[in-house]
Protein chains: 2
Amino acid sequence: MSGTGGAVRGRRAPVGRGDERRPSGDDRQRAILETAERLLEERPLAAISIDDLARGAGISRPTFYFYFGGKEDVLLTLLDRMAAEVGERLAALPPEPGDDAPAWWRQVLGVFVDVFLGHRAVSRVLAEARATNPRLRAEWADLLEGWVGSTAAVLERERRRGAAAPGLDAREAALALNLLNERVLAAVVSGESPAPAEHGVLDLLAGVWLAVLYPAPDRTLRA
Amino acid sequence: MSGTGGAVRGRRAPVGRGDERRPSGDDRQRAILETAERLLEERPLAAISIDDLARGAGISRPTFYFYFGGKEDVLLTLLDRMAAEVGERLAALPPEPGDDAPAWWRQVLGVFVDVFLGHRAVSRVLAEARATNPRLRAEWADLLEGWVGSTAAVLERERRRGAAAPGLDAREAALALNLLNERVLAAVVSGESPAPAEHGVLDLLAGVWLAVLYPAPDRTLRA
DNA sequence: GGAGGGTATCAACACCCTGTCGAGCGATTC
DNA sequence: GAATCGCTCGACAGGGTGTTGATACCCTCC
């Protein structure tokens with residue numbers, strides 16, 4: 001949860017007190033965000049200039065810089081929103097796998113699938129921007145870290161209670177599985193040419209996760 | 001194998017006939033390629049201008065364009081080389097898993113680990129450039145397609161001969177595993193903050209692959 | 001009810017990077 | 001010795017980024 005927080009520069013108070021709308025406000029930010037998400041549906045980040053964002057929000061380029069430090073900040077805000085949604089939905093789930101462990105894991109994976117597929121534009125831009133942008137990379141690293149930690153913790157408890165046979169180092173396995181999610185969902189959302197079928201992606205991820213988390217107990221693995 | 005081929009524009013004959021070296025030739029190309037790989041060790045692709053590449057190779061920017069169509073072409077050439085190395089080393093392996101299937105898969109995965117870790121600069125740039133560059137994306141898609149096809153074919157034969165229990169759709173599982181490789185190796189090679197330990201990455205990948213390819217026969221999976 | 005201060009806006013600028021055009025230069029060929 | 005071809009670069013046009021300085025707006029406080 002948490003994250004480095006917002007990314008906005010200016011703006012103190014929303015000003016508008018009554019119900020009569022003013023032509024400006026902090027919905028400029030919203031306008032920029034919406035423009036960004038809309039344009040990202042159409043073309044990759046690299047093909048979107050700050051001028052496009054500004055014009056889309058009805059302002060000039062320098063004014064854009066009043067609200068955001070650059071494309072970077074816009075993306076960070078978009079990412080934070082998506083991450084928050086994942087966090088909320090995960091928090092609403094039972095905290096541990098019960099009798100039906102496969103169903104529980106499936107629910108968890110469903111959250112990722114739902115949210116990422118529900119914000120295709122943001123998901124798609126992630127891989128592209130993370131490569132270039134240190135702040136975004138750090139933010140994503142934090143999120144991943146959190147998910148990996150939770151995954152590893154649950155797996156260790158599953159092993160301790162005898163529900164899962166020991167195997168790979170729990171943390172490394174958890175990391176690999178989360179990276180798998182990231183890459184597979186990116187492929188789906190970007191419409192890559194070898195990509196899993198969208199309607200089957202939850203089955204696919206669940207299949208891999210369960211095979212790794214609850215392996216055949218006699219599998220030979222050297223440390 | 002194959003791929004879309006080279007990416008070079010000009011150059012007909014190397015000209016240099018005897019043993020006396022001329023100041024120019026087609027080793028200009030090599031100089032550019034070497035400069036690219038060297039600079040990519042230090043900083044991301046976005047921070048390398050064509051002028052950097054040209055100067056590094058001792059030529060001017062317009063001259064660079066005589067040899068390559070842009071950064072894109074340089075990257076494509078670098079990628080083709082790496083892919084060729086993977087192809088050769090895979091071809092030198094036994095074509096099917098024998099009695100010791102885990103060892104065979106481990107050898108296959110070792111090729112990817114070795115080659116990707118041996119060309120860190122190229123591996124690192126892949127994720128970054130694939131997002132922006134259609135040609136590179138297509139080329140990588142082809143390569144992935146090939147590996148996924150081979151993986152799926154072997155898995156199906158393993159299932160037919162009874163060595164592997166049926167489970168996930170073979171092709172989708174193969175795709176997921178190859179995407180896993182890509183993402184995990186990228187994390188290692190880029191020194192990301194949650195990244196698997198480099199010395200253990202082969203064990204990790206092998207563990208996941210084997211768990212997925214040879215699952216416990218009673219695992220419950222709905223279609 | 002006019003002075004003052006934060007809020008918000010943009011034209012214009014300096015800079016960097018890309019890709020292209022056209023002129024030039026050295027060697028080879030006839 | 002002139003036509004040709006491979007190779008090279010200075011200089012340009014175009015587009016992107018980020019900043020600066022002038023300005024207009026609104027609120028508030030005296």
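Chain letters run A, B, ... following the sequence lines, proteins first and then strands; every chain starts at 1.
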Q) Which of the following nucleotides, C:dG19, C:dA8, C:dA12, is nearest to the side chain of A:F66? A) C:dA8
Q | D:dT8 phosphate, OP1 or OP2, under 4.0 Å from B:T63 side-chain N/O | A | no
Q. Under the salt bridge (charged side-chain N to carboxylate O under 4.0 Å, His left out) test, which residues partner A:R120, sequence neighbours left out?
A. A:E198
Q. What are the two closest non-hydrogen atoms of A:L75 and A:A129, and how far apart are they?
A. CD2-CB, 3.7 Å
Q. Among the nucleotides C:dT9, D:dT20, D:dT8, which one has an atom lying closest to any side-chain atom of A:Y67?
A. C:dT9
Q | Partners passing side-chain contact (heavy atoms from CB on, under 4.5 Å) against B:R55 (at least two apart in sequence or in another chain) | A | B:D51
Q: Evaluate the side-chain proximity of A:F112 to A:L205: yes if any heavy-atom separation is below 4.5 Å, no if none is.
A: no
Q: Nearest whole angstrom, please: distance from the P of C:dC15 to the CZ of A:R61.
A: 16 Å
Q | Length of the CZ-C1' vector between A:R28 and C:dC10, whole Å | A | 12 Å
Q. B:I59 CD1 to D:dG10 P: how many Å, rounded?
A. 12 Å
Q. Is any side-chain heavy atom of B:I50 closer than 4.5 Å to a side-chain heavy atom of B:F68?
A. no
Q) CD1 of A:I32 versus C1' of C:dA8: gap in Å, rounded? A) 12 Å
Q: Take the protein atom CZ of B:F68 and the nucleotide atom P of C:dT20, then report the distance between them rounded to whole Å.
A: 16 Å
Q | Rounded interatomic separation in angstrom, taking CZ from B:R55 and P from C:dC17 | A | 11 Å
Q.
Whether the A:D80 and A:T77 side chains hold a donor-acceptor pair (N or O, under 3.5 Å, no angle test) is what I'd like checked.
A. no
Q | For A:E156, salt bridge (charged side-chain N to carboxylate O under 4.0 Å, His left out) partners two or more places apart | A | none
Q: Determine the interplanar angle of the A:W209 and A:W105 rings, folded into 0 to 90°, and report it as parallel if under 30°, tilted if 30 to 60°, perpendicular if over 60°.
A: tilted
Q. Has B:K71 got a side-chain N or O lying under 4.0 Å from the OP1 or OP2 atom of C:dT18?
A. yes
Q. Taking only residues two or more places apart in sequence, or in another chain, which ones meet A:W104 in a ring pair (Phe, Tyr, Trp, His ring centres under 6.0 Å)?
A. none
Q. For the pair made of CG in A:D73 and C1' in D:dG18, what is the distance, rounded to whole Å?
A. 13 Å
Review item, nucleotides 24-26 of chain C N/O atoms under 3.5 Å of protein N/O:
none

Q: Mind running a 4.0 Å heavy-atom check of residues 33-54 of chain A against DNA chain D and sending the residues that fall below it, in number order?
A: A:S49, A:I50
Q | Among C:dG19, D:dC9, D:dT8, the one nearest B:P62 by side-chain distance | A | D:dC9
